[in-house]
**Q** 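Pasting a structure here, questions to come.
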Amino acid sequence: MIEPTWPFALGFGLLAAIGTVLLLVPLIIWLKTRAVLDLPNARSSHTEPTPRGGGIAVVAIILGLGLPWITLADQIAQGMLLVGMLVLALLFWFDDRLKGLPILLRMGAQALAVALVLGQLPPEATVTQGLVPLWFERLVCFLAWLWFVNLFNFMDGINGITGIEMASIGLGLAACGWLAGFGGGYAGLALIVAGAGLGFLRRNWGKADVFMGDVGSVPVGFLLGGLLLQAAFSGLWAAAIILPLYYWVDATVTLLKRALRGEKFWHAHRQHFYQQGVRKAGAHAPVASKIGGVNLALILLALAAQLGPQPWSTVAALALGLLFVLALCRHFQE
């Protein structure tokens with residue numbers, strides 16, 4: 001058996017990037033011939049009909065490389081994440097086509113996928129190491145993971161942002177795992193996600209040729225949420241909080257503001273900070289680039305949290321990360 005070393009894991013990530021770029025070529029043609037298009041409306045951030053469903057290529061590449069990787073690296077526990085990802089992709093492809101699946105069905109499917117994975121975890125898989133009752137920790141993990149799936153979907157609203165977030169979280173998890181002394185097998189799936197995100201960016205930057213669609217954003221959010229939770233169980237809980245911090249803040253603050261105003265917060269809108277930034281800048285790329293810059297800072301802070309004396313280094317990294325994110329949100333405000 002081939003040893004799942006770090007260079008080998010990086011090779012899988014590179015294959016994911018190349019494979020996504022190549023698979024998107026025929027997929028975009030097929031989406032156009034089937035008229036699977038995202039038509040502009042009052043809530044849109046684009047002005048021309050654009051193929052929607054690029055997530056098919058992303059999910060296909062992650063599954064195509066992820067399944068052999070977890071077998072090779074003896075990371076079979078991650079198999080449940082890939083199965084849940086596949087089921088959600090199939091369901092939300094119908095949602096992309098019909099745009100009419102009831103919210104209870106959408107939320108129910110996500111909740112069931114999250115609950116099934118959490119239900120398979122052994123009792124020793126904990127974040128708090130017994131500081132709180134296991135049932136309470138599992139409940140918190142369930143709610144946090146379910147919210148992450150939805151916020152990842154909500155945040156997929158401008159060109160480049162989802163590919164950048166996939167690459168940032170995937171590379172950040174791999175870097176933190178390497179610093180912690182974990183073997184290459186730990187980070188292979190995260191690097192595959194990062195590579196797929198970078199490959200998708202090739203056709204989703206600037207004037208995008210294709211959009212991710214719910215077929216990609218929901219299952220990828222589910223998978224990344226699971227990988228972040230795995231990092232927390234492995235002792236990298238600071239990284240699990242810091243790496244997706246911009247998405248957490250933008251989506252959560254926007255949701256709370258809309259809920260307090262009595263709005264139907266589950267409906268599509270253009271009130272996220274990054275959407276305000278696009279209206280202010282007049283283009284997607286500058287906003288996505290700034291989010292990428294803050295994400296790079298968050299990766300460095302996550303690494304610093306591991307290197308410094310605990311718990312002070314973690315507290316300082318979290319505080320600095322939150323300040324960076326809030327400053328960016330304030331910068332985007334109209």
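Bear in mind the structure is a predicted one, so any value in this text is a computation, not a measurement. Heavy atoms only: backbone and side chains are in, while hydrogens, waters and symmetry mates are out.
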**Q** For the backbone of F273 and the side chain of D250, can you confirm whether one donor and one acceptor N or O come within less than 3.5 Å of each other?
**A** yes
**Q** May I have the step-by-step check of side-chain contact (heavy atoms from CB on, under 4.5 Å) for K257 and Q271, ending in yes or no?
**A** CA-CA 10 Å; K257 288 167 64 177; Q271 297 176 29; over 6 Å; no
**Q** Is it the case that the side chain of N204 and the backbone of V210 share a donor-acceptor pair, with hydrogens and angles ignored and the cut-off at 3.5 Å?
**A** yes
**Q** Checking ring-ring contact (aromatic ring centres under 6.0 Å, His included) for the pair Y186/W178: CA distance, chi angles, key distance, verdict?
**A** CA-CA 9 Å; Y186 164 83; W178 175 80; over 10 Å; no
**Q** As a quick check of understanding, evaluate side-chain contact (heavy atoms from CB on, under 4.5 Å) for L27 and L24, giving each step before the final call.
**A** CA-CA 5 Å; L27 177 62; L24 279 171; 4.1 Å; yes
**Q** Any side-chain to backbone donor/acceptor pair from S313 onto G308? Under 3.5 Å, distance only.
**A** yes
**Q** What orientation do H272 and H269 show, parallel under 30°, tilted 30 to 60°, or perpendicular over 60°?
**A** tilted
**Q** Could you check whether any side-chain N or O of N150 sits under 3.5 Å from a backbone N or O of L146, counting only pairs where one atom can act as donor and the other as acceptor?
**A** yes
**Q** Roughly how far, to the nearest 0.5 Å, is the OG1 atom of T20 from the CD1 atom of I62?
**A** 7.0 Å
**Q** Report yes or no: do E137 and T126 form a side-chain donor-acceptor pair below 3.5 Å?
**A** no
**Q** Below 4.5 Å, heavy atoms only, C-beta onward: do F332 and V278 meet side chain to side chain?
**A** no
**Q** Would you say the side-chain atoms of R270 pair up with the backbone N or O of R279, donor to acceptor, closer than 3.5 Å?
**A** no
**Q** Using modelled atom types and a 3.5 Å cut-off, is there a donor and acceptor pairing between side-chain atoms of N159 and backbone atoms of G206?
**A** yes
**Q** Any side-chain heavy atom of L116 within less than 4.5 Å of one from L112?
**A** yes
**Q** Okay, side chain of Q276, backbone of R330: is any donor-acceptor separation there less than 3.5 Å?
**A** no
**Q** side-chain hydrogen bond (donor to acceptor under 3.5 Å, both in side chains) for Q230 and S234? Distances and angles first, verdict last.
**A** CA-CA 6 Å; Q230 181 190 39; S234 302; 5.6 Å; no
**Q** V249 vs C329, test: side-chain contact (heavy atoms from CB on, under 4.5 Å). Steps then yes/no.
**A** CA-CA 9 Å; V249 172; C329 290; 4.2 Å; yes
**Q** Under the side-chain hydrogen bond (donor to acceptor under 3.5 Å, both in side chains) criterion, do W147 and T252 qualify, and how do the steps go?
**A** CA-CA 9 Å; W147 173 228; T252 305; 3.0 Å; yes
**Q** Does some side-chain heavy atom of I61 sit less than 4.5 Å from a side-chain heavy atom of F200?
**A** no
**Q** Does a donor on one side chain and an acceptor on the other come within less than 3.5 Å for S217 and N153?
**A** yes
**Q** Any donor-acceptor pair under 3.5 Å linking the side chain of K32 with the backbone of P51?
**A** no
**Q** Using side-chain contact (heavy atoms from CB on, under 4.5 Å), reason through S289 and W205 one step at a time and then give a plain yes or no.
**A** CA-CA 10 Å; S289 297; W205 188 259; 3.4 Å; yes
**Q** Identify every side-chain donor-acceptor pair in residues 291-300 under 3.5 Å, counting partners at least two apart or on other chains, and give the distances.
**A**
unit_1, atom_1, unit_2, atom_2, d
N295, ND2, E165, OE1, 2.9
N295, ND2, S168, OG, 3.3

**Q** Atom OH of Y247 and atom CZ of F148: how far apart are they, to the nearest 0.5 Å?
**A** 8.5 Å
**Q** If you round to the nearest 0.5 Å, how far is CG of L318 from CG of L323?
**A** 11.0 Å
**Q** Ignoring hydrogens and geometry, is there a side-chain-to-backbone donor-acceptor pair from Y274 to M155 under 3.5 Å?
**A** yes
**Q** Could you tell me whether a side-chain N or O of T254 sits under 3.5 Å from a main-chain N or O of A251, the two making a donor and an acceptor?
**A** no
